[in-house]
Amino acid sequence: MKILVVGAGWQIGRQLCASAHSDGHDVAAVQADRSVPRHVTIVDGTLSDPDTLGAAMDGVDAVCCTLGPADGPADSTETVITAMADAEVDRLVAVSTAAVLQATPTRLRIDTTGSYVADNAAAHMAVYEQLRASDLDWTLACPPAVSDGASTHHYRT
């Protein structure tokens, strides 16, 4: 399978690239920063350029988006969704925050958190809404926290 990782130079993206490669997948990334693992095929350009993303989608089976709020996820996600539609790639896995999850039957976690996470959560909520409105086959992983440590390979769902 060929996977395009958007945000491959960041913490989660680097881990994802390494894991996908070790599982035998062909991994490509749109990345201006060359801090991605050496086995990743780099597509030069920026996420704001639809032509770059269009070229990066060639032969891709799925896209993994690991952008965070500092990367402008709502704007970037919209560009990724458009490029995927143009390239007829329909599978997207993205990483968000647990703040967009249901806390109670009538409230999301974003509504129960302090103001220190509200801006980040609002940016991720915008991404969630864009995915809901899209025709993509998408999955949004929403961890409550991400550490800088090595992968333990233990997960809970």
Side-chain angles (χ1 to χ4, degrees), residues 1-101 109 117 120-121 123-157:
M1 175 182 283
K2 184 174 181 181
I3 300 170
L4 175 66
V5 179
V6 177
W10 300 103
Q11 174 189 5
I12 295 172
R14 286 190 304 268
Q15 291 286 335
L16 178 64
C17 288
S19 292
H21 176 71
S22 72
D23 287 346
H25 300 292
D26 182 14
V27 183
V30 175
Q31 187 69 34
D33 177 355
R34 302 278 181 170
S35 64
V36 297
R38 68 181 182 280
H39 53 267
V40 174
T41 301
I42 304 295
V43 178
D44 288 322
T46 65
L47 296 176
S48 60
D49 179 16
D51 292 333
T52 297
L53 280 172
M57 297 284 170
D58 186 39
V60 166
D61 299 298
V63 175
C64 297
C65 185
T66 65
L67 298 175
D71 310 308
D75 295 341
S76 298
T77 303
E78 184 69 30
T79 307
V80 170
I81 290 170
T82 301
M84 289 179 69
D86 291 347
E88 298 181 0
V89 176
D90 66 351
R91 185 69 178 119
L92 174 72
V93 177
V95 179
S96 186
T97 174
V100 302
L101 299 175
R109 288 187 65 186
V117 295
N120 287 345
H124 283 287
M125 183 56 81
V127 169
Y128 171 68
E129 294 298 336
Q130 289 174 341
L131 293 174
R132 284 187 58 202
S134 78
D135 292 328
L136 295 175
D137 176 13
W138 57 271
T139 299
L140 192 60
C142 301
V146 177
S147 70
D148 286 332
S151 176
T152 63
H153 302 286
H154 297 282
Y155 307 97
R156 291 187 305 193
T157 60

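Looking at residues two or more places apart in sequence or on another chain, you find a side chain to side chain contact (heavy atoms under 4.5 Å, CB included) between Leu140 and Ala94, Ser96, Val100, Tyr128, Leu131, Trp138, Cys142. In this view, Val63 and Leu4, Val6, Met57, Val60, Val80, Met84, Val89, Leu92 satisfy the side chain to side chain contact (heavy atoms under 4.5 Å, CB included) rule, not counting sequence neighbours. Judged as a side-chain hydrogen bond (donor to acceptor under 3.5 Å, both in side chains), and not counting sequence neighbours, Ser134 has no contacts. For the salt bridge (Lys or Arg N to Asp or Glu O under 4.0 Å) test, residues two or more places apart in sequence or in another chain that qualify with Asp137 are Arg91. With sequence neighbours left out, the side chain to side chain contact (heavy atoms under 4.5 Å, CB included) criterion links Gln15 to Ser151.
Taking CG of Asp90 as the reference point, atom CG of Asp61 lies at 10.0 Å (rounded to 0.5 Å). To the nearest 0.5 Å, the span separating CG on Asp86 from CG on Asp51 amounts to 10.0 Å.
Under a cut-off of 6.0 angstrom, the local environment of CG in Asp58 is sparse, with at most 12 non-hydrogen atoms contributed by other residues, nucleotides or ligands.
Nearest heavy-atom pair, Ile3 versus Ala20, reported as atom, atom and distance to 0.1 Å: CD1-CB, 4.1 Å. In this structure, Thr77 and Gln130 approach most closely via the heavy-atom pair CB-OE1, 3.4 Å.
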Report all side-chain donor-acceptor pairs from residues 22-30 shorter than 3.5 Å, counting only partners two or more places apart or in another chain.
{"from": "Ser22", "atom 1": "OG", "to": "Ala18", "atom 2": "O", "distance (Å)": "3.4"}
{"from": "Ser22", "atom 1": "OG", "to": "Ser19", "atom 2": "O", "distance (Å)": "2.9"}

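Residue pairs meeting the ring pair (Phe, Tyr, Trp, His ring centres under 6.0 Å) criterion with at least one member in residues 39-59, sequence neighbours excluded: His21-His39.
Looking at heavy atoms from C-beta onward, Val5 lies out of side-chain contact with Val40 at the 4.5 angstrom threshold.
When atom types are taken as modelled, the side chain of Thr139 and the backbone of Val93 share no donor-acceptor pair closer than 3.5 angstrom.
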